[in-house]
Amino acid sequence: MNQRIVAVPAAVREQAHIDDAKYRAWYEASIRDPDAFWGEHGRRIDWFKPYTQVKNATFGPGEVSIRWFEDGVTNVAHNCIDRHLATRGDQVAIIWEGDDPADSRRITYRELHAEVCRMANVLRNRGVSKGDRVTIYLPMIPEAAFAMLACARLGAIHSVVFGGFSPDSLAGRIQGCDSKLVITADEGLRGGRKVPLKANVDAAIQRLPADSVDHVIVVRRTGGAVEMDPVRDVYYDAAAREVTDECPAEHVEAEHPLFLLYTSGSTGQPKGVVHTTGGYLVYASMTHQYVFDYHEGDVYWCTADVGWVTGHSYIVYGPLANGATTLMFEGIPTYPSISRFWEVVDKHKVTIFYTAPTAIRSLMGAGEEPVKKTSRSTLRVLGSVGEPINPEAWEWYYRVVGDERCPIVDTWWQTETGGILITPLPGATALKPGSATRPFFGVKPVVVDGDNKVLEGACEGNLCIDESWPGQMRTVWGDHERFVQTYFSTFPGRYFSGDGCRRDDDGYYWITGRVDDVINVSGHRMGTAEVESSLVAHPKVSEAAVVGYPHSLKGQGIYAYVTLMQGEEPSEALRKELVAWVRKDIGPIASPDLIQFAPGLPKTRSGKIMRRILRKIAEDDFSALGDTSTLADPGVVDDLIENRQNRA
Ligand code: ATP
Ligand code: MG
C-alpha cells in the first residue's frame with residue numbers, strides 16, 4: 001500500500017478557511033447536533049421566509065423520507081444572482097472559453113441577471129410555470145447555465161441531458177419526466193467537430209407520441225442550417241427579442257424540486273435522481289467554499305460537462321451561490337493541442353482546477369513537456385472526481401501539473417449525494433495519494449460487512465452513510481419505491497452507496513470501486529480498482545480496466561483491458577511483463593489471466609468506463625451489450641469485440 005503522506009503546506013494552511021483543529025471541532029459538532037450545526041450553516045443562503053425546522057429524515061426500515069429546512073421559502077436563482085448584484089454586479093460570474101481558443105466571453109453578475117430573466121420570460125411565454133419539467137440538451141455554452149437558472153427562477157424543474165446522448169436516450173429522458181419543452185442548440189462544437197443537436201432532438205421527438213413536446217427552443221451556436229417546425233420550434237434570439245430582462249424570482253418551498261438528473265447508466269437503467277432546493281443549495285455552496293478553499297478573487301474551473309451532476313453542483317450552483325467566478329469550457333483537453341487545459345489556466349489565471357482522473361491519465365500519456373511549457377503559476381488547489389485516482393496519476397497531477405505546490409482534493413461523491421461527501425480540505429488534511437481521506441461536515445460514513453454489521457477501526461467493506469445530509473437526493477422521479485429499493489434495502493436503515501471502501505488506521509477512506517465490480521478469484525475477493533491501479537503504475541500503460549469472467553478452475557478469472565502510452569507497441573513480451581508486474585505488486589492471486597491491448601475503452605461522456613460492456617465482451621457474450629448509445633465513441637466497441645481474448 002502506498003504510505004506516502006503529503007503534509008498540508010504552511011502557506012495553504014495559513015490562509016485557509018479550515019485548518020485541522022477547526023475541521024475536527026466542526027465535524028464533531030456536526031455529528032453531535034446536526035440540527036444546531038445545519039441550523040447555523042443553512043443561513044449561508046438567503047431565505048424569503050426563514051426556516052424553523054432543520055432536519056427531518058428517516059432512512060427506514062420502512063418509510064424513507066428526507067426533508068431539510070422544510071418550512072423555509074427561498075429561490076435558487078435569487079441566491080445565485082440577485083443577492084450578489086448590490087456588491088458584485090460588475091464582477092465576472094462566468095468566463096466562457098469556447099472550443100476555438102479565439103472564442104471567449106466574460107459575463108458579469110449583472111449581465112447574468114439580464115440573460116437569465118430573458119430566458120425565464122421566454123419560457124414563461126410558452127406556458128412554463130412552477131413544477132413543470134424542462135429538458136435542456138445544450139452544449140457547454142453560457143446558455144446552458146442561463147437555462148438552468150431560468151428554470152430555477154420560475155420554480156420549473158430542469159432535466160439536463162448530455163449533449164453526447166443519442167436520440168434514443170434523449171427520447172427516454174424526455175418521456176420519463178413528461179417535459180413539454182426542450183431547449184437545444186443548432187449544433188454543438190467539440191474538438192472542431194460539429195454535433196447535430198437539433199437533428200437529434202427532432203429524431204427523439206419522432207419516437208415519442210405526437211403530443212409529447214410542445215416547444216423546442218433553439219440557441220444558435222454554429223449557425224448551421226437545421227430544420228425548424230414553424231409551430232413547435234423557435235430560435236432563442238428571436239424569442240428573446242420579444243421579452244424584457246426583468247422577471248421576478250418565484251418563491252418556492254425548501255423541498256420544491258430544483259432539478260432531476262438521470263444517472264449515467266453505467267450500471268443499469270437510468271434513474272431520474274431528484275434534488276430539491278434549500279438543502280441542495282446550502283450543501284453545494286458550502287462544499288464548494290470549503291473543499292476548494294474558495295476565496296474572493298479566485299478563478300475557479302471545473303472541467304465537467306453541465307450534463308453531469310458535477311457540472312450542476314460545481315460549475316453552476318455552488319460557485320454562483322458563493323458569488324464566484326466560474327469558468328465554463330466548451331472544448332476538450334486535446335484540442336487544438338494537448339496543452340489546452342494548461343493554456344486555458346494561464347489565459348484566465350485559474351487558481352482552482354477540478355477535473356477527472358480519466359483526463360489526467362490520458363494527458364499523462366503524452367508526457368510532461370506539453371504541461372511544462374505552460375506556467376500554471378496561478379494554480380493553488382487541484383481537484384479530482386469521478387473515479388478512484390490511482391496513486392500513479394495522483395503523483396503526476398501533483399508533481400507535473402501542480403509543481404508540488406497545490407494540494408489535491410480527491411472528492412468522493414455521487415449524482416445521488418448532490419455534493420461532495422468524502423474529501424480532503426486543502427488547509428486541514430494531510431494527503432495520501434489515492435485516498436479520498438475524511439468525511440465532510442455532517443457526513444457519517446460507516447463500513448459494513450455483508451450482514452449489515454458495522455465494522456470498526458481499520459477495515460474493508462461496503463460504504464454506507466448513516467444520517468442524512470442536506471444535499472442528498474430525495475426520491476427517484478415518479479418511483480419512490482425504486483429509491484427505497486435501490487439505496488435503502490441492501491443494508492436496511494442506511495444509505496448504501498454501491499461502492500466498496502477500505503478505512504485505514506488514521507480513519508482515512510480509500511474507495512475501492514463499485515461493489516458489483518468485486519471479483520472472486522479462487523475464493524479471494526478483490527476490487528478491480530486495485531488491479532487497475534497496479535497496471536496503470538507500469539510506465540508503458542496509460543489506462544486499464546479490469547473485469548471478471550467465468551473461469552473453469554478459479555471461479556472467476558481476471559481479464560484486463562490495457563491502453564498503452566503513446567508510442568508503445570503491444571507485444572507478447574509486454575503482456576508477460578505486465579502479468580509479472582501485477583504479480584509482484586499485489587500477489588500471484590491478482591495476476592491477470594487475459595490481457596487485451598485496446599486502443600480505446602468504452603466510456604460515457606463523463607469519462608466513466610462502461611464496465612458492463614467490458615464484462616460482456618470478456619464473457620465472450622456480446623450479443624446483448626445493451627444500450628451503447630450513451631457512449632462517447634460507440635466505435636471502440638467493435639474493435640474490442642474483434643480483438644477479444646476469450647473465445648469461449
Ligand atoms: P450510474 O449510477 O448510472 O451507474 P455512475 O455511478 O458512474 O453511474 P456518478 O454518480 O456520476 O454516476 O458517479 C458516482 C460514482 O463514481 C461513485 O459511486 C464512485 O464509484 C465513483 N467516484 C466518484 N468520485 C470518486 C472518487 N473521488 N474516488 C473514487 N470513486 C469515485
Ligand atoms: Mg452510481
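No experiment lies behind these values; they were computed from the predicted model shown. Each ligand, and each atom within it, is numbered from 1 in the order the structure gives. In what follows, every heavy atom counts, from backbone to side chain, and hydrogens, waters and symmetry copies are set aside.
Less than 4.0 angstrom separates some heavy atom of Thr411 from each of these atoms of ligand 1: 24 (N), 25 (C), 26 (C), 27 (N).
Contacts of Trp308 with ligand 1, taken as heavy-atom pairs under 4.0 Å, involve the side chain alone. Under 4.0 Å from ligand 1, not a single heavy atom of Ile389 appears. Of the heavy atoms in Asp499, only side-chain atoms (C-beta onward) come closer than 4.0 Å to ligand 1.
Of the polar atoms of Lys608, at least one N or O is found under 3.5 Å from an N or O of ligand 1, judged by distance alone. Polar contact check, Ile511 against ligand 1: no nitrogen or oxygen pair lies under 3.5 Å apart.
Classification of the Phe353-Trp301 ring pair by plane angle, with boundaries at 30° and 60°, yields perpendicular. Taking the six-membered ring where tryptophan is involved, the planes of Tyr317 and His158 are essentially parallel, since the angle between them stays under 30° and well short of 60°. Ring-plane geometry between Tyr23 and Phe441 is classed as tilted, the angle between the planes lying from 30 to 60 degrees on a 0 to 90 degree scale.
For the residues Ile422, Asp410, Val273, the heavy atom positioned nearest atom 27 (N) of ligand 1 is part of Asp410. Summarising the contacts of atom 28 (N) of ligand 1 with Met610, Glu387, Arg514, the nearest heavy atom is found in Glu387. Comparing heavy-atom distances from atom 30 (N) of ligand 1 across Pro388, Ser497, Ser435 singles out Pro388 as nearest.
Residue Tyr262 places every heavy atom at 4.0 Å or more from ligand 1.
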Next item on the list: Begin from the C-alpha positions of Met473 and Thr417 and carry the test side chain to side chain contact (heavy atoms under 4.5 Å, CB included) through to its verdict.
Entry: CA-CA 6 Å; Met473 82 182 274; Thr417 69; over 6 Å; no
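Stacking of Lys432 on the aromatic ring of Tyr508 is recorded, both the 6.0 Å distance cut-off and the 45° axial limit being met.
Residues passing the side-chain contact (heavy atoms from CB on, under 4.5 Å) test with Ala356 are Thr358, sequence neighbours excluded.
The main-chain N or O of Ala529 is never found under 3.5 Å from a side-chain atom of Ser533 such that the two would form a donor-acceptor pair.
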